[in-house]
Amino acid sequence: KKTKQTFMEYVKKVRIGIAARMLSETDMQITRICYESGYNSLANFNSQFKSLMGQSPSDYRNSFR
């Protein structure tokens with residue numbers, strides 16, 4: 001209630017935050033980051049990441065190189 005988000009919205013933001021940190025700080029494969037951050041589907045991960053961050057995981061990673 002304090003975050004004014006649904007439980008799933010909060011979980012999505014936490015998972016994508018973890019993935020974004022891994023993308024910027026490691027050279028781990030995007031597929032592995034997908035699974036390590038709690039997603040079971042790469043397509044779903046890519047879609048959720050893009051909807052929250054405004055760019056694909058690979059574009060996000062490339063912005064740090």
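- In this structure, the separation between CZ on Arg15 and CD on Gln48 is 9.5 Å, given to the nearest 0.5 Å.
- Annotation: side chain of Phe45 is in contact with side chain of Ile30 (closest heavy-atom distance under 4.5 Å).
- In this structure, CD in Glu9 is found 10.0 Å from CG in Leu52, a value given to the nearest 0.5 Å.
- Of the inter-residue distances, the one linking Asn44 atom CG with Cys34 atom SG reads 8.0 Å to the nearest 0.5 angstrom.
- Cluster annotation: Tyr39 is not connected to Val11 through the hydrophobic network of ILVMFWY side chains, with a link wherever side-chain heavy atoms come within less than 4.5 Å.
- In Phe7, the CZ atom is not crowded: 12 or fewer heavy atoms of neighbouring residues, nucleotides or ligands sit closer than 6.0 Å.
- Residue Tyr35 is not grouped with residue Met22 when hydrophobic side chains (ILVMFWY) are merged at heavy-atom distances under 4.5 angstrom, including chains of intermediate members.
- No continuous path of ILVMFWY side-chain contacts below 4.5 Å connects Met8 to Tyr10, so the two sit in separate hydrophobic clusters.
- Using modelled atom types, one side-chain atom of Arg61 and one backbone atom of Thr26 make a donor-acceptor pair closer than 3.5 Å.
- For Lys12, the NZ atom is densely surrounded, since the number of other residues' heavy atoms within 6.0 Å is greater than 12.
- Here the side chains of Pro57 and Asn46 are in contact, with some heavy-atom distance below 4.5 Å.
- Rounding to the nearest 0.5 Å gives a distance of 12.0 Å between CZ of Phe49 and CG of Leu42.
- The main-chain N or O of Ala20 is found under 3.5 Å from a side-chain atom of Ser24 such that the two form a donor-acceptor pair.
- Between the OG atom of Ser63 and the CG atom of Leu23 there is a distance of 9.0 Å, given to the nearest 0.5 Å.
- Atom CG in Asp59 sits 12.0 Å away from atom CE in Met53 (nearest 0.5 Å).
- Across Tyr60 and Phe64, no two heavy atoms sit closer than the pair O-CD1, 3.2 Å.
- Note on Arg32 versus Asp27: no salt bridge recorded, every NZ/NE/NH1/NH2 to OD/OE distance being 4.0 Å or above.
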